[in-house]
Amino acid sequence: MERATAALGLTLLTLARSNSNGSSEYDYSQKGKNFGEIDARCNGYLQSPIRLETKTSVSPTESPQLILEGYAMNPAQVVVLNDGKTASYSFQYANDRNIVARGGPLHGNYVFAGLHFHWGTHSHRGAEHKVDRLTYAAMEMHLVFFNQRYGSFENAQNKTHGLAVLGVLFCRKLIRDPHYRWIDALNRVQNAPSTYTLPDPTAFNIKRLIGSRRRPYFSYQGSLTTPPCHETVTWIVQKKPLPITENQLNVFRSLRQTNGEPLVDNYRKLQHRNGRHVYLYQ
């Protein structure tokens, strides 16, 4: 089990580094949000995130069901990483199984690579996409998938239709804390870089978190939201947000960057739509 834990932690670190093209130069300061100064590919015409509005969206001519095969499985192991830029969770399932996404707007079968979060200093900001009137979404979760034909995230990230990301927004609610037991693990990775293995991996069951309904959701062709900003992502952003409380958001805000500063406001500003179609699957 110790060897498996180390391997999963290394995989998670590799994924985090490949998401930033091996570069640790970008940050989320006011200057750092202009990623085009770091990598020219971040100045492309299909950049993410964008504003998603029901009134300007298009109904798809074909509307196959979006399937997340295996997402009801309990993971055998979950490792959380604070890399100084986000909180990432990596999953292993028994018998080398994994979650596979297909259908909907996807071009093939996409294998689950892990998930991470973006959040703000205050609860009126933090999500990357803006959905209709949900201007004040406090956080956004990205479930990252790579096209199975390419074999790995690293190989797929710069390929046409190489990646898919399922985005889920969180809005602050004045309710009792939702039962998100996986948040507690963040208290063990407050300093960056650090990893921690959840003692009970069943605390992070994907289906129990996001539910069984995907629709309504928006979809469009976009990019990674961090350098190198590859424009190879099929985005699927659920219209309905999940609830989260101020107490739970404060656990994310307690994380630190590698320089010891608070890890907050780690979201990219809205990018231009540039005539792209945004589809609404209802």
Determine whether [X] and [Y] fall in the same hydrophobic cluster, where Ile, Leu, Val, Met, Phe, Trp and Tyr are linked whenever their side-chain heavy atoms lie under 4.5 Å apart.
X	Y	result
L166	Y93	yes
V251	M141	yes
F112	L198	yes
V78	Y180	yes
V58	L106	yes

Close side-chain approach of [X] and [Y], heavy atoms under 4.5 Å:
X	Y	answer
D39	Y26	no
Q282	S57	no
Q221	T234	yes
L169	V237	yes
F145	N98	no
P105	I236	yes
Y217	L66	yes
Y28	T226	yes

Of all heavy-atom pairs between [X] and [Y], which one has the smallest distance, and what is that distance?
X	Y	result
P178	P243	CG-O, 3.7 Å
C229	S223	O-CB, 3.5 Å
G36	N43	CA-OD1, 3.3 Å
S219	Y281	CB-CE1, 3.9 Å
S59	Y279	C-CD2, 4.4 Å
T245	I175	CG2-O, 3.3 Å

Counting only N and O atoms by type, is there a donor-acceptor contact under 3.5 Å from the side chain of [X] to the main-chain atoms of [Y]?
X	Y	result
N274	Y45	yes
S90	V79	no
R253	T121	yes
Q271	K269	yes
Q157	H230	no
W235	F218	no
N82	R256	yes

Would you give the length of the straight line joining atom [atom1] of [X] to atom [atom2] of [Y], rounded to the nearest 0.5 angstrom?
X	Y	atom1	atom2	value
K130	R125	NZ	CZ	10.0 Å
T258	L263	OG1	CG	9.5 Å
E246	D177	CD	CG	10.5 Å
I99	L143	CD1	CG	7.5 Å
T54	K239	OG1	NZ	3.0 Å
N247	R176	CG	CZ	13.0 Å

Applying side-chain contact (heavy atoms from CB on, under 4.5 Å) to F153 and V144, what does each step give before you reach the verdict? CA-CA 9 Å; F153 176 93; V144 181; 3.7 Å; yes

Electrostatic pair K85-D83, nearest N-O below 4.0 angstrom: no

Sole residue of H272, R276, E231 in side chain to side chain donor-acceptor pair (under 3.5 Å) with Q47: E231

Qualifying residue for side chain to side chain donor-acceptor pair (under 3.5 Å) with H129, from H118, R51, E140: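 Exactly one option meets the side chain to side chain donor-acceptor pair (under 3.5 Å) with H129, and it is E140.
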
For the pair F91 and L115, evaluate side-chain contact (heavy atoms from CB on, under 4.5 Å) and give the outcome as yes or no after the intermediate values. CA-CA 9 Å; F91 298 72; L115 59 83; 3.8 Å; yes

Which pairs would a plain distance check flag for residues 199-210, meaning a side-chain donor or acceptor within less than 3.5 Å of a matching protein atom at least two apart in sequence or in another chain?
| from | atom 1 | to | atom 2 | distance (Å) |
| --- | --- | --- | --- | --- |
| D200 | OD1 | T202 | N | 3.1 |
| D200 | OD1 | T202 | OG1 | 2.6 |
| D200 | OD2 | R181 | NH1 | 3.0 |
| D200 | OD2 | T202 | OG1 | 3.1 |
| N205 | OD1 | K207 | N | 3.1 |
| N205 | OD1 | R208 | N | 2.9 |
| N205 | ND2 | A72 | O | 3.0 |
| N205 | ND2 | M73 | O | 3.3 |
| N205 | ND2 | N74 | OD1 | 2.9 |
| R208 | NH2 | T202 | O | 2.4 |

Establish, from distance only, whether the side-chain atoms of [X] and [Y] form a donor-acceptor pair under 3.5 Å.
X	Y	result
E128	S48	no
T197	R188	no
S194	N191	no

Once side-chain hydrogen bond (donor to acceptor under 3.5 Å, both in side chains) is applied, what residue pairs with a partner in residues 102-114 remain, sequence neighbours excluded?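 Listed by first then second residue: E69-R102, Y110-N147.
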
For a side-chain contact (heavy atoms from CB on, under 4.5 Å) check, start with the C-alpha distance between W119 and T86, then their side-chain angles and the critical distance, and finish with the verdict. CA-CA 9 Å; W119 62 92; T86 186; 4.2 Å; yes

Ring centroid separation for F117 and W182, is it under 6.0 angstrom? yes

Looking at R215, I want to see if its CZ is surrounded by more than 12 non-hydrogen atoms of other residues, nucleotides or ligands under 6.0 Å. yes

Go through the steps for V189 and L81 under the test side-chain contact (heavy atoms from CB on, under 4.5 Å), then give the verdict. CA-CA 7 Å; V189 293; L81 162 70; over 6 Å; no

